[in-house]
Every structure is written in C-alpha cells, then in structure tokens.
There are 2 protein chains.
Amino acid sequence: MHNILSNLRVDINSSLYLKDPESSQLGINIVKSSIDLIDANGIEEFNFKKLARVIGSTESSIYRYFENKHRLLLYISSLYWGIMEFQMVVQTNNMSGSLEKLLKAVETLFSTPQTKCTSFEIEGQKLRHILNSEFVKAYHHKLVDEENEAGCFSIYKRLVSRLSEMIVEVNSDYSFSKSLASVIIEGSLNQYFLSEHFHNLTDCHSKDNLYLFYKDLLTKTLMS
Amino acid sequence: MHNILSNLRVDINSSLYLKDPESSQLGINIVKSSIDLIDANGIEEFNFKKLARVIGSTESSIYRYFENKHRLLLYISSLYWGIMEFQMVVQTNNMSGSLEKLLKAVETLFSTPQTKCTSFEIEGQKLRHILNSEFVKAYHHKLVDEENEAGCFSIYKRLVSRLSEMIVEVNSDYSFSKSLASVIIEGSLNQYFLSEHFHNLTDCHSKDNLYLFYKDLLTKTLMS
DNA sequence: CAAATATAATAGTAATACTATCATTTAATA
DNA sequence: TATTAAATGATAGTATTACTATTATATTTG
C-alpha cells in the first residue's frame with residue numbers, strides 16, 4: 001500500500017466522475033452544495049435540478065461532471081472514506097502496541113471527518129450524517145457489481161482491509177478478521193443511524209459510548 | 001397431520017397495507033409475484049406496472065392493496081421478520097441454559113425462513129435474498145420516523161428486543177445488549193450481502209461460518 | 001486575436017409514480 | 001332469485017424525474 005501521509009489529497013477513482021470536480025469552481029460548488037442538500041433532505045429528495053438552482057447553474061452543466069446523482073453519492077462516500085482512512089493512518093502511525101493501535105483506529109472511525117485535507121470546504125458533521133443515512137444505498141444498488149469492478153468502492157474496501165490487518169496483528173489466530181472489520185465499520189454508521197431513528201435499538205447515543213461498546217467487543221473477542 | 005407451524009399467522013401491522021392482501025386471491029398474487037420480481041431484479045427495477053402485467057391485473061387494482069412499492073417492501077420485510085421471530089421462539093422454547101438458548105436463537109437467524117406457515121406460497125430463499133439486498137432501503141427512507149411511529153417496524157423491533165433480552169439473561173452486567181443484538185441481526189443480512197458482492201470483505205461464506213463467527217463473538221463478549 | 005473549451009439556456013423525451021373515472025364482474029344478502 | 005354492494009378491470013391523465021440534444025455565449029489558452 002502506498003503511503004498516504006505524503007499526499008494530503010484524497011485520491012478518488014476517476015470512474016466516479018466524468019470531469020474532475022476538483023478541477024473547477026463549478027465542480028467544487030457542485031460537491032459542496034450537494035452535500036448541503038443531501039444532508040438537509042436526503043438523497044431521495046435530491047436531484048440535479050434543485051442543485052442547479054442552488055448553485056446558480058444548470059442541469060446540463062452538472063451532468064458534465066457526474067453521470068447521475070448515484071455516482072455523485074458514490075463520490076461523496078469516497079471522499080468520506082478517504083478522509084477517515086487518512087485520519088486513521090495518521091492517528092495510528094508509529095504506535096507500537098497492536099491492541100492500542102487497533103483501538104485508536106476504531107476510535108477515529110467514530111470521530112468527525114476532518115475535511116480540511118480536501119479541496120472542498122465541507123462541514124464534517126454533514127458528511128458523516130449523509131454517510132449514516134445514505135451509504136447503504138450507495139452499495140445496495142443494482143449496479144453494485146460493475147461499479148465495484150470499476151473501482152468505485154476501492155477506498156472503502158482498502159479501509160476494511162487495513163482494519164482487518166490490524167486485527168490480525170492483535171491476534172493472528174483469529175479466523176474472522178474481515179468479518180469483524182466490516183461489522184465494525186458498518187456499525188460506525190449504523191449505530192449512529194439507530195440512535196437517531198430507532199433510539200431503543202441501541203445503547204450507544206454518543207461517540208464515547210460507541211467506542212466503549214466496540215472496545216469491549218474487540219478486547220474480549222481478540223484477547224480471550 | 002397439522003403441524004403447529006401451519007397455524008401461524010404473522011400478524012402484520014395494518015398500517016402497511018390499504019386492504020389486507022391475505023383476504024383475497026389477488027392480494028396473495030400481488031405479494032407472491034412481487035417477491036419473485038424483486039428477488040429477480042431488485043426493488044429499483046420493480047414497479048406496479050410490471051407486477052400487474054405478471055399477475056394479469058392492473059396498476060389501479062394493486063394500488064387498492066398497497067399505497068406504493070415502498071410500503072409493499074415494508075410488508076414483505078415484516079413477513080420475513082415475523083417468520084424469523086416465530087422460528088426463533090419455537091426453536092428456543094423450553095431451553096434451559098441461557099447461553100445455549102441465545103446461540104440457538106442466533107443460529108435460527110441465519111437459517112432460511114420457513115414460509116409454509118403463511119398464506120403465501122413463497123420460496124424462503126427468495127425472501128431472504130430480498131431482505132439481504134433491500135431491507136436497508138426499507139428503513140433508510142425519508143419517512144422512517146413517521147412509519148416507525150405508525151408501527152411499520154414493530155415486528156423487527158420486537159425481534160431485536162427479544163434477542164437483547166436473551167443477551168441480558170446470559171450476562172446481566174453487560175451494558176450493550178441492545179447494540180449487540182442489533183449488530184447481530186443487521187449482520188444476519190449484511191454478511192450474506194458481502195459474501196455475494198464484496199467477497200473479500202467477509203470470512204463467512206456459509207451459514208455455518210456465519211454462526212461460528214457470531215458464536216465466538218457472543219461467547220467471548222458475554223462470558224469473559 | 002483565434003481557437004478551443006466550458007458553461008448556460010432552452011427544449012424535448014421516456015419512464016415513473018401515481019390519481020381519477022367509469023364499466024364490469026363477482027360476492028353477499030334479503 | 002333478484003338486488004345490492006364490493007371488488008376488479010379498463011382507460012386516461014398528470015406531475016415529476018432523469019435524463020439527452022442543440023445551440024448560444026462566455027472564458028480560457030496558445
């Protein structure tokens with residue numbers, strides 16, 4: 001794996017866009033305002049017509065950047081996971097104890113994304129909120145296999161792999177490192193969603209509680 | 001001879017339909033064929049026009065049973081969770097050891113739903129496949145709060161509560177029984193989905209492996 | 001300045017997700 | 001059996017969505 005510390009730019013797979021939104025002010029406006037709109041009203045209510053109105057542009061111009069709103073959601077998702085991966089690597093870099101390293105990695109998963117390392121001025125809380133509510137729709141999609149093939153999920157998959165490797169470092173005899181990693185990353189979104197909409201289906205109503213839940217789970221599962 | 005299972009009526013919240021589909025042959029055809037179609041092509045490709053064509057009826061007739069395809073998906077989901085709840089209760093009934101009981105409950109979560117005990121002739125595998133791919137869309141939805149209020153998720157929530165209670169029975173000091181229960185039930189769908197579409201993000205490619213993963217997780221988390 | 005490129009303005013299309021109306025068939029009941 | 005009510009079918013229509021196409025006008029670059 002290449003060292004992402006050297007370049008602060010989240011490198012997003014070019015299959016996700018038609019024209020790189022970071023290459024122009026219009027592109028930046030598209031991404032920035034789409035995050036505002038999707039955060040506010042969800043992906044179902046969102047469309048390019050509304051977005052065009054907000055940024056003072058037109059549908060046809062937006063379509064030159066993104067094939068459709070689904071691809072734009074995949075782009076936003078990759079941005080999120082890229083930031084989380086970056087934070088995770090920075091935070092755990094040079095840590096010696098494998099368990100401490102894993103727990104620190106998990107802790108960063110529950111923290112707000114630091115969007116300063118992108119070209120966009122985005123509020124991290126909005127980005128997280130979108131992922132909590134909409135990411136499952138990004139991959140529970142009829143084209144998931146061909147999009148996966150095209151690399152649309154590469155950052156996400158790399159993050160799961162990183163976490164899985166950290167689990168192996170803690171306990172090389174453990175047989176389910178990938179499943180455990182995906183459960184945790186999935187939970188880093190879903191438990192927030194449950195807290196918001198199905199309050200009684202989770203005990204974790206804060207970042208801190210979430211961390212305690214998974215810390216307990218990981219420690220017992222891997223160390224006993 | 002009548003099996004107790006043949007008397008099962010999954011009691012589905014009436015807010016999910018306009019006219020009870022179990023009350024007529026047309027209603028039964030709607031549910032049965034919608035499961036075939038959604039299983040085959042996913043909820044996005046599915047609509048009432050196509051369904052009407054398949055069952056030899058009309059859009060307007062279908063709209064008399066279900067407000068829209070989203071509500072129909074909620075109905076199908078409730079059917080699934082109702083069957084799973086029933087199986088779980090039957091399988092764990094009269095078991096004495098709390099851990100064994102919990103593990104048996106979890107094992108049934110990964111088994112195929114026994115649909116013979118409903119009014120519909122449904123293939124359980126299709127039902128499971130739909131839930132694996134589409135259930136997240138049923139609750140990551142703009143109307144989730146009002147639908148939740150109306151009782152559209154009551155069976156699902158009751159199932160999570162039951163599992164949570166079994167966890168408490170095993171270890172009353174454990175602080176995260178609800179979160180753990182929701183993680184497991186969520187995983188009972190998502191790990192199957194990962195196996196199908198993101199093969200490398202899970203270690204569990206069979207029912208048996210899935211059970212071993214969660215058995216290990218539960219035993220260590222609650223017993224150490 | 002000319003040429004290339006990006007964006008805007010406008011129009012149009014096919015499909016979707018419904019709603020409305022009325023005719024007809026089927027079932028319930030008196 | 002006749003009458004009525006309920007269920008279903010046939011047909012049409014609407015607003016919205018998710019695009020595509022075309023041409024005009026800026027803006028950038030060589």
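In what follows, chains are A, B, ... by sequence order, proteins preceding strands, each numbered from 1.
- As rounded to whole Å, 16 Å separates atom C1' of D/dC19 from atom NE2 of A/His70.
- Partners of B/Glu165 under the salt bridge (Lys or Arg N to Asp or Glu O under 4.0 Å) rule, at least two apart in sequence or in another chain, do not exist in this structure.
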Annotated protein contacts, base or backbone, on nucleotides 4-18 of chain D with a non-hydrogen cut-off under 4.0 Å, one of B, S, - each: ---SBBBB-----SS

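- In this structure, A/Leu18 places its CG atom 13 Å from C1' of D/dC19, rounding to the nearest Å.
- Donor-acceptor pairing under 3.5 Å is recorded for the side chains of A/Gln125 and A/Thr112.
- Residue B/Ile30 forms a side-chain contact (heavy atoms from CB on, under 4.5 Å) with just one option from B/Val54, B/Ile62, B/Ile35, and that option is B/Ile62.
- Taking the side-chain hydrogen bond (donor to acceptor under 3.5 Å, both in side chains) definition, one finds that A/Gln25 meets it with A/Asn29, sequence neighbours left out.
- Between the CD atom of A/Glu67 and the P atom of D/dC19 there is a distance of 8 Å, given to the nearest Å.
- Within residues 141-152 of chain A, no residue is approached by DNA chain C to less than 4.0 Å at the level of any non-hydrogen atom.
- Summarising the geometry, atom CD belonging to B/Gln191 is positioned 4.0 Å from atom OG1 belonging to B/Thr202; distances are rounded to the nearest 0.5 Å.
- Residues passing the side chain to side chain contact (heavy atoms under 4.5 Å, CB included) test with A/Glu186, sequence neighbours excluded: A/Val136, A/Tyr139, A/Asn190, B/Glu186, B/Asn190.
- A ring-ring contact (aromatic ring centres under 6.0 Å, His included) check over residues 20-40 of chain A, counting only residues at least two apart or in different chains, returns nothing.
- Ring geometry, A/His199 versus A/His205: the interplanar angle falls under 30°, so the pair is classed parallel (tilted spans 30 to 60°).
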